[in-house]
Protein chains: 2
Amino acid sequence: MTRPVRRTVRDLRRGNRAVLLRSLYFGGPASRNELSATTGLSAATVSNMTGDLLGENVIVEAGQVDSDGGRPRMLLRVNPEYGFAVGVDVGETHVRVELFDLDMKERAKVEYALRTARHEVELVVRHIIAGIDVVLAEGGVSARQVLGVGVGVPGIVESGPEGLVQAKTFGWEGVPLKALLREGTSLPLFVDNGAKTMGQAELWFGSGRGAGNAVIVFLGSGIGATLVTDGTTYRGAASAAGELGHVKVTIGGRACRCGGRGCLEAYAGAEGILDRAGIHVDAADEERALAALVKQGSPVVDETIAYLGIGLANMIHLFDPERVVIGGWAGLILGRERLDDIRAVVADNCHVHPLPPGAIVLGSLGPDAVALGAAALVVEDFLSDSGAARTPAAV
Amino acid sequence: MTRPVRRTVRDLRRGNRAVLLRSLYFGGPASRNELSATTGLSAATVSNMTGDLLGENVIVEAGQVDSDGGRPRMLLRVNPEYGFAVGVDVGETHVRVELFDLDMKERAKVEYALRTARHEVELVVRHIIAGIDVVLAEGGVSARQVLGVGVGVPGIVESGPEGLVQAKTFGWEGVPLKALLREGTSLPLFVDNGAKTMGQAELWFGSGRGAGNAVIVFLGSGIGATLVTDGTTYRGAASAAGELGHVKVTIGGRACRCGGRGCLEAYAGAEGILDRAGIHVDAADEERALAALVKQGSPVVDETIAYLGIGLANMIHLFDPERVVIGGWAGLILGRERLDDIRAVVADNCHVHPLPPGAIVLGSLGPDAVALGAAALVVEDFLSDSGAARTPAAV
DNA sequence: GAAGATAATGTAAGTGTAAAAAAAAGTCAT
DNA sequence: ATGACTTTTTTTTACACTTACATTATCTTC
């Protein structure tokens, strides 16, 4: 029973500072007066606190707007160059490393293909470490300016100093990824499941914007989901929440690579779909093959949608989200052609508390969202704990 | 995106007061010194705040323990008679009203049978209002001493001033129960789904004690679940979370009274089980009939366990709880005979992140837990907002 | 059985927070 | 220029928690 803990006046200030910074980050440029209104803090406190933040160069002035009678308002915004975040997407076929500024503008990017079927940990770690150096050099950013590195990987990621990863499909069992990366870099590390990092990206910058309770579904080779409760990701007791891929959609049923039977992933995961359609291509061609199959139509695709709809409906019954976002490369392929059919199947399986069909939407960030979301983990940390200890590169 | 809001020094004190009171409530009698350790507050603040609470009679002294050298510690505890809570269980066959003190000791109880198949709202409301008067009189408690009335009902309960209830199985659609009760009493009202109030009871006082992330399943005529995240009940965007009864466990399948097909409730709800076994009795005899059926064994019961296991496994995949509690009258009947089988089916359907079998347990409060949990809603409010405005009966 | 040790609790002063009030700075209309 | 009005900054005030110290109460030792 995790209970709230005592707070001191110091915590109060830290918390209010985070509230202020957060509303400046998401509320675009704003004047002190607007900030006072949105945060509920008094004008005096806002003035005091923005003074600090300006001094630390965390925020900067962003022009002023004319007033109609009165002192013109000076707009403030988060300094996009106060720090940078690295996002890493470890996928089935590649390792992608990207550098973002605080505006989430991409500053540099590098990608390494994973050709072997086996995903050796050492190789992935080497790619990530090398990738960080490459994007920093390319982006002209020094390590001291980097607020952290976010990494999205398949499988279940335990929080904790080791960052243990369980990813059967990758052949990873209890891989201490965070600890391994720690040997190659001293930057703050944030490792999480790729479906969850994509979810974070869609939640902040994509189709999930503004939702307090949402589910963001990742459909790729595997299937995962991000459960958003009160604006933050729910991870469960052992960070294993949202394993939508292994929800059973039929008794018995196809064998899944997890060892179970009847898992959604065996039907609606990209490999499950292609396999059932009798198409066997290697990983790099899956995307093209799936797009063709969905485009031309097939009973297998219809069946996929039926199973997917059941899986989503079950999740809706348990979770009662206000919105469901479908993302991931396979999800986007499927959704672009057949979103209305998906909505219809879900509606057909939700009687007690139907979700408006418009609440099921496609992700708007494309398949690159995993790396973006990984970087967003870094920004999340920055916003809740802005410069508490660290003071990088006050340029 | 519900975001944290600004706080003032007043909120700080309120919050710390709630932390203190909560740890006193759940941490049994404790000395000021122990409180200082558990809450993290300084001894001075604890002393200051307990002084206030003693003055308001919210807490009382509870004897002292000998020291081995030094001033003996004075134990403090929440005053069980500071206030009282009424808990109401609106079930398919009865309306039960109970009065509890803050120690959750039952002080009085009254039950009204619902004989008609139709559950007229007016009748239920009349029973509740009358029941409150009866238990207060019987318990020798004045209305001013009552902190509130908690009501557990079937169906989905919207939070809000109206307390709209959607309970198709009851024939209630959009019944403003809270508003109707408000006409009969001026006591604070807390209306929630019965499965959720039972969940609250098991969480605080039963098999859920100490769990931060847990799922408490209610099996009765209908099926519901309480999802506990970080020690508090998760309600979802429209208070409809935890509708485990309408998760689909098979495609097509039996028609459910919700209008869908293949719902878990149609297989593992008491009526679903009896129906499939070809047993037709009226509501009052369902309990006996089900107990007999489970005792003697039947392929229908085996099948029920298979479906229930699938439903639980799906929930575990999505929520990743550390514990699953099975309660409700039908759940207790089923679980007492077949808990190990249920555990086995769940284990067989959870491969990616197996739950230890011991994490699935039976509820320990018996079938009366709905009313107890409803009263616990009142206590929950009291603990988070102790005497903020109200000051009843400072005896 | 008195003196000192030990421990819980209470009091006072100090620090740091946000709110409220007041002042200053800036703009437009007259 | 002057005044009305708005935004921002500064000053003052109230208050919550901590630290440091005082007080109270019991046990142990000589």
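Labels below follow one simple rule: chain letters A, B, ... track the order of the sequence lines, proteins then strands, and each chain is numbered from 1.
- Taking atom CZ of B:Arg32 as the reference point, atom P of D:dA25 lies 13 Å away to the nearest angstrom.
- Partners of A:Leu164 under the side chain to side chain contact (heavy atoms under 4.5 Å, CB included) rule, at least two apart in sequence or in another chain, are A:Glu158, A:Glu162, A:Pro176.
- Between A:Arg73 and C:dT27 there is no side-chain polar atom (N or O) within less than 4.0 angstrom of OP1 or OP2.
- Residues satisfying the ring pair (Phe, Tyr, Trp, His ring centres under 6.0 Å) test with B:Phe84, not counting sequence neighbours, are none.
- For A:Ala238, the side chain to side chain contact (heavy atoms under 4.5 Å, CB included) criterion is met by B:Asp320, B:His353, not counting sequence neighbours.
- Whole-Å rounding puts the B:Asp11 CG to D:dC15 P distance at 14 Å.
- The side chain to side chain contact (heavy atoms under 4.5 Å, CB included) check on A:Ser159 picks up A:Ser239, with sequence neighbours excluded.
- Counting to the nearest Å, the P atom of C:dT6 and the CG atom of B:Asn33 are 16 Å from each other.
- If you measure from atom CD of B:Glu61 to atom C1' of C:dT9, you get 12 Å, rounded to the nearest angstrom.
- Contact check, B:Ser47 against C:dT9: no side-chain N or O comes under 4.0 Å of OP1 or OP2.
- Listed by chain and number, the residues in a side chain to side chain contact (heavy atoms under 4.5 Å, CB included) with A:Asn48 are A:Arg13, A:Asp52 (sequence neighbours excluded).
- A:Gln200 and A:Thr226 share no side-chain donor-acceptor pair at under 3.5 Å.
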Check: protein-nucleotides 16-22 of chain D nitrogen or oxygen pairs below 3.5 Å:
residue	atom	partner	partner atom	Å
D:dC17	OP1	B:Asn16	ND2	2.7
D:dC17	OP2	B:Arg13	NH1	2.9
D:dT18	OP1	A:Arg6	NH1	2.7
D:dT18	OP2	B:Ser42	N	3.1
D:dT18	OP2	B:Ser42	OG	2.8
D:dT18	OP2	B:Thr45	OG1	3.1

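- One interatomic measurement links the two molecules: CG of B:Leu35 to C1' of C:dA7, which rounds to 16 Å at whole-angstrom precision.
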